[in-house]
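Below: one structure, written as structure tokens.
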Amino acid sequence: MLQGKSFLVALYCIVRCILYPGTKIVIASGTKGQAANIITQKIVDFYDQSPAVRYEIGNKKDNIKTSVNEARVDFKGGSHIYAATSGESSRGLRCNILICDEHRLIKKDTLDKILKPMLNVYRQPPYLSLPEYKDYPKEENKQIYMSSAWYKSHWIYQEFKDYITKMASLDSKYFAVALPYQLSIASGLLSQSAIDAERTSDTFDQTTFDMEYEAVFVGENDKAYFKLDPLNKTRTVSKTFRPPTDQEFVENKNRSKPRPLSNFKRVDKVNEIRIVALDIALMGGNKLVKNDTSAFTLMRLLREGDEYKRQVVYLESIQDSISSENLAIRLKQLYYDFEADYVVMDANGNGLGVFDACTTVLTDRERDVEYPAWACINDDETNDRTKTRGLKCVYTVKANAAFNHEIAVSLKNVIETGKLQLPMNDIQKREELQEDKEYRKLPAEEQIKVLYPYVQATALVNELVNLEYTVRTGYIKIYEVGTTTKDRYSSIAYCNYYANELEKELKEEASNNYAYFML
């Protein structure tokens, strides 16, 4: 990723349009807002700062349009720069230079069928009409692609390799380069302290850093059990759950007429089941324990015949050390905020302490709420041990080799069959939200909250493809390597396991109903 990329692109566009009158440039990206940024931000800055640019463009109001729906620049010499979205609405545009910004967000089919055909017209400078230039070669149109690195399974990786191969064969029409963050530091556009802060942040993710800063395309580990391409295909959820903050909860509770806070109000209570799963770690903030966090997964089970499609709508990780009671309180907050039906959690080791806390009446001092005691659904011995008679909503798991094998196999199965849906990629979601006026008005911290589930889903995918596996005595064992984690994996695997149990009940019910009908 080169800091200042938009600046260089804007400069190139201006110089080209001035030196080659009649040039038409189209800037395309995954969203029109992203494509328009080069015009609305960089080219406008050039106009304001440079008398020469102002002379070539003329009246700013007439010749520079900066709305999302119409972003363009017209030059006196007949050159034009347009911002276009990568979709059907751009059909029919023609250009001499096609610039695809963040082209990893553009579908290959869209590029081939809509964007590249824009280049089917050559520039026609006046000198070509002179007799002495009648056999002069046509000026070739150009394609320029820019993006952060991405996953190796994406089409841009193969395209990048093809360009390198053609460039290495001394074909002067092709040029490819990767520009990591060190170039930005050397150019004074980025500081080493900013990189150091990124590396040491609680939310640091090596895979994302490699792609965004190191310009490295990432693929799954050779020993990975979960493969990247099927995982990326699951990322179709465009609306996620947003739990209220403690402040929002208290302010709403004190209203004369409290309003529903959930942005995922339940409509169909018959064909939808909601689950909150928790993988427990209490030492996340300990500097000696780098790969230990508590991870929540919030999943909707949507009935389709005698099966459930699993839709993950929220993920949360707790990086800091936390007590069993406070973790139990956060679990109960999410359960009631989400209007969930069941909780799935580990009841071994640290998990047993959190489960015990859940079986008591807990007081949430931040929200001034008293949560009732819970009880176990599937283990009466556990209930007898705690002497609880609370709400039966907790499904406890106690892992062993056979159980760990089953959750790994079943999670891989729902990924590859498309039964699991995850939040869409956070970078794509961010670009999509840039065209939402209400989102752009939000303070920065609120924008971060909106994107949080998508960022967590990306972290989950990166975690899954970096986990390795081995087979022992017929069982698959998933394990982390180095500083990688598997907390998000465990959480979603527990959630999916219980979804399978509920699906078995659904199939048995359907089978019994069919048998009754036949009788």
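Just the heavy atoms: all of them, side chains too, but no hydrogens, waters or symmetry mates, feed the values below.
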Test item: [X] and [Y] side chains (from C-beta on) under 4.5 Å apart, heavy atoms:
X	Y	result
S153	N232	yes
I156	H154	yes
R310	Q421	no

Inset, instruction - Examine Y157 together with Y151 and report whether their ring centres are nearer than 6.0 Å. - result: no
Legend entry - Aromatic ring proximity, centroids under 6.0 angstrom, Y469 and Y479: no
Would you say the side-chain atoms of [X] and [Y] include a donor-acceptor pair closer than 3.5 Å?
X	Y	result
Q192	D196	yes
S262	D337	no
T458	R235	yes
D268	N271	yes
Q247	E251	yes
S410	N413	no
D379	T396	no
S491	T297	yes
T485	E480	no

Least distance between heavy atoms, [X] atom then [Y] atom:
X	Y	result
T293	I318	CB-O, 3.6 Å
P180	A178	CD-O, 3.4 Å
A375	G390	CB-O, 3.6 Å

Please list, chain by chain and in numerical order, all residues satisfying side chain to side chain contact (heavy atoms under 4.5 Å, CB included) with [X], sequence neighbours excluded.
X	result
A493	I407, L411, Y489
K265	P260, E339
E307	K419, E503, K507

Legend entry - Aromatic ring pairing Y213/F209, orientation class (parallel under 30°, perpendicular over 60°, tilted between): parallel
Inset, instruction - Please work out whether the ring planes of F264 and F241 are parallel, tilted or perpendicular, with thresholds of 30° and 60°. - result: tilted
Quick one: which residue pairs count as a salt bridge (Lys or Arg N to Asp or Glu O under 4.0 Å) with a foot in [range], not counting sequence neighbours?
range	answer
residues 399-413	none
residues 388-397	D380-K392
residues 345-358	D356-R385
residues 458-475	E463-R488

Mind checking the [atom1]-[atom2] spacing from [X] to [Y]? Nearest 0.5 Å is all I need.
X	Y	atom1	atom2	value
L331	M345	CG	CE	6.0 Å
N254	D368	CG	CG	8.5 Å
K486	N466	NZ	CG	14.5 Å
L460	D487	CG	CG	11.0 Å
S148	E214	OG	CD	12.5 Å

Inset, instruction - Decide if atom NZ of K108 counts as having more than 12 heavy atoms of other residues, nucleotides or ligands within a radius under 6.0 Å. - result: yes
Inset, instruction - Please indicate whether F403 has more than 12 foreign heavy atoms, meaning atoms of other residues, nucleotides or ligands, lying under 6.0 Å from its CZ. - result: yes
What residues form a salt bridge (Lys or Arg N to Asp or Glu O under 4.0 Å) with [X], not counting sequence neighbours?
X	result
D436	none
E366	none
D364	none
K223	none

Salt-bridge criterion met for [X] and [Y] (N-O under 4.0 Å):
X	Y	value
E416	K227	no
E370	R365	no
D341	R274	no

Inset, instruction - Applying side-chain hydrogen bond (donor to acceptor under 3.5 Å, both in side chains), run through N326 and S323 and close with a yes or a no. - result: CA-CA 5 Å; N326 285 338; S323 68; 3.2 Å; yes
Legend entry - NZ or CZ of R303 within 45° of Y308 ring axis and under 6.0 Å: no
Inset, instruction - Using the salt bridge (Lys or Arg N to Asp or Glu O under 4.0 Å) rule, take E432 and R430 through it: C-alpha gap first, then chi angles, then the decisive distance, then the call. - result: CA-CA 5 Å; E432 180 183 287; R430 186 182 291 110; over 6 Å; no
Inset, instruction - Could you check M211 against W150 for side-chain contact (heavy atoms from CB on, under 4.5 Å), going step by step and ending with a plain yes or no? - result: CA-CA 6 Å; M211 293 189 294; W150 203 234; 4.2 Å; yes
Inset, instruction - Could you go through the side-chain contact (heavy atoms from CB on, under 4.5 Å) check for W374 and L391 one step at a time? - result: CA-CA 4 Å; W374 290 349; L391 172 67; 4.1 Å; yes
Inset, instruction - Would you list the pairs meeting ring-ring contact (aromatic ring centres under 6.0 Å, His included) in which at least one residue belongs to residues 404-461, sequence neighbours left out? - result: H405-Y475
Legend entry - Option from N496, L506, I273 for which side-chain contact (heavy atoms from CB on, under 4.5 Å) with L301 holds: I273
